[in-house]
Amino acid sequence: MNSHQGTALILTLLLLASTCLALPRKPSGPSLAAQFLAPHNAARAAIRMPPLTWDSRLATYAGWWATQRRQDCDLRHSNGPYGENIFWGSGTGWNPGQAVAAWASERRWYDYRSNACAEGQMCGHYTQIVWRSTRRVGCAVVVCFKDGGTFMVCEYDPPGNYIGERPY
């Protein structure tokens, strides 16, 4: 190979390498939306409620609220126009399925007959997930500053958990 051929080969390889780097990369694994939707819809399917759909407007709102909590990771609700579930976990190893599973596990504390939570227990996260009229969800995740853990929030529209009404 002469020096001209060697230079041409190197330029070709550089061109191929730069083209490959410029191609959009498909994320590995399920999307964030799918990671949140699947466990939500599994909880709803268990009681024959229709599945939720992902709403980017709700996800944007959730992202805004999660960013507000990034400084302190405080479990505070946004008090916005939607139904809302919030989650905090120590460290950075948490995934959306774990947050939704924690909320859905409150099913054991909800008594349909009395339409109430067991005394001293929470079940409102669960009832929001399965609320009959809720159709859309959007969620976000942030890792908080200063090793503050992981904060997740989901917004639901239409909202649920109206006092005196049954979720389904």
Side-chain angles (χ1 to χ4, degrees), residues 27-145 148-168:
S28 62
S31 68
L32 185 68
Q35 290 179 57
F36 275 110
L37 271 176
H40 272 93
N41 289 333
R44 292 175 67 86
I47 56 163
R48 298 188 177 121
M49 287 293 106
L52 299 176
T53 59
W54 188 258
D55 187 300
S56 59
R57 178 180 45 94
L58 296 174
T60 298
Y61 183 87
W64 168 80
W65 184 243
T67 301
Q68 303 305 303
R69 299 281 47 92
R70 193 172 206 174
Q71 292 292 331
D72 57 16
C73 230
D74 191 20
L75 276 174
R76 276 195 281 159
H77 285 282
S78 69
N79 297 315
Y82 310 113
E84 186 173 79
N85 281 345
I86 54 178
F87 171 90
W88 174 83
S90 176
T92 59
W94 297 95
N95 66 56
Q98 292 168 312
V100 180
W103 299 327
S105 73
E106 293 177 1
R107 177 181 182 175
R108 69 182 179 266
W109 305 121
Y110 177 68
D111 179 58
Y112 185 83
R113 200 172 52 212
S114 66
N115 192 32
C117 302
E119 189 174 335
Q121 301 297 327
M122 289 178 39
C123 63
H125 299 103
Y126 167 71
T127 55
Q128 177 57 82
I129 288 172
V130 299
W131 199 264
R132 176 188 322 251
S133 62
T134 298
R135 295 289 178 255
R136 294 168 296 283
V137 64
C139 308
V141 179
V142 296
V143 173
C144 299
F145 297 138
T150 303
F151 182 88
M152 296 188 220
V153 57
C154 288
E155 304 294 334
Y156 302 87
D157 190 46
N161 286 339
Y162 292 106
I163 295 172
E165 290 185 29
R166 293 185 187 279
Y168 51 89

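Note that the coordinates shown come from a computational prediction; the quantities given were computed from them, not determined experimentally. All values below were derived from every heavy atom in this structure, side-chain atoms included, with hydrogens, water molecules and symmetry-related copies excluded.
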Note to self: Tell me the closest heavy-atom pair linking Phe151 and Arg69, and the distance in Å.
What the structure shows: CZ-CG, 3.5 Å
Check: From Cys154 SG over to Leu58 CG, what is the distance, rounded to the nearest 0.5 angstrom?
Finding: 10.0 Å
Next item on the list: With sequence neighbours excluded, tell me which residues meet ring-ring contact (aromatic ring centres under 6.0 Å, His included) with Trp94.
Entry: Phe87
Next item on the list: Tell me, please, which residues at least two apart from Arg57 pass salt bridge (Lys or Arg N to Asp or Glu O under 4.0 Å).
Entry: Asp55, Asp157
Note to self: For a quick test of reading the model, state the closest non-hydrogen atom pair linking Ala43 to Ala104 and the distance between them.
What the structure shows: CB-CB, 4.2 Å
Notebook entry, point to check: Which atom pair, heavy atoms only, marks the closest approach of Trp54 to Ala33?
Noted result: CD2-CB, 3.4 Å
Item checked: Sequence-distant partners of Tyr112, ring-ring contact (aromatic ring centres under 6.0 Å, His included), two or more places apart -> Tyr168
Check: For Gly148 and Trp88, which heavy atoms make the closest approach, and how far apart are they?
Finding: O-NE1, 2.6 Å
Checklist line | Least distance between heavy atoms, Gly138 atom then Ala62 atom | finding: O-CB, 3.7 Å
Check: Between the side chain of Trp103 and the main-chain N/O of Ile86, is any donor-acceptor distance below 3.5 Å?
Finding: yes
Check: For Phe36, which residues count as a ring-ring contact (aromatic ring centres under 6.0 Å, His included) partner, sequence neighbours excluded?
Finding: none
Item checked: Atom pair CZ/CH2 of Arg166 and Trp131 - distance to nearest 0.5 Å -> 10.5 Å
Notebook entry, point to check: To the nearest 0.5 Å, how far apart are OG in Ser105 and CE in Met122?
Noted result: 10.0 Å
Note to self: On a heavy-atom basis, which atom in Tyr61 and which in Glu155 lie closest, and how many Å separate them?
What the structure shows: CD2-CD, 3.5 Å
Checklist line | Sole residue of Val137, Ile129, Val153 in side chain to side chain contact (heavy atoms under 4.5 Å, CB included) with Asn85 | finding: Ile129
Note to self: Strictly by side-chain hydrogen bond (donor to acceptor under 3.5 Å, both in side chains), give each pair with a member in residues 30-52 just once, sequence neighbours left out.
What the structure shows: His40-Tyr156
Check: Is there a donor-acceptor pair under 3.5 Å between the side chain of Gln128 and the backbone N or O of His125?
Finding: no
Checklist line | ring-ring contact (aromatic ring centres under 6.0 Å, His included) partners for Trp109, two or more places apart | finding: none
Margin query: Under the rule for side-chain hydrogen bond (donor to acceptor under 3.5 Å, both in side chains), what residues qualify as partners of Thr150, not counting sequence neighbours?
Written below: none
Next item on the list: Any disulfide bond (SG atoms under 2.5 Å apart) involving residues 103-134? Give me the pairs, sequence neighbours left out, ordered by first then second residue.
Entry: Cys117-Cys123
Notebook entry, point to check: Sequence neighbours excluded, which residues qualify as side-chain hydrogen bond (donor to acceptor under 3.5 Å, both in side chains) partners of Tyr110?
Noted result: Asn115
Check: Quick one: CE on Met152 to CG on Leu32, what's the gap to the nearest 0.5 Å?
Finding: 9.0 Å
Next item on the list: Just grab all the salt bridge (charged side-chain N to carboxylate O under 4.0 Å, His left out) pairs involving residues 96-110, residues at least two apart or on different chains.
Entry: none
Next item on the list: Could I get the full list of salt bridge (Lys or Arg N to Asp or Glu O under 4.0 Å) partners for Asp111, not counting sequence neighbours?
Entry: none
Item checked: For Arg76, salt bridge (Lys or Arg N to Asp or Glu O under 4.0 Å) partners two or more places apart -> Asp72, Asp74
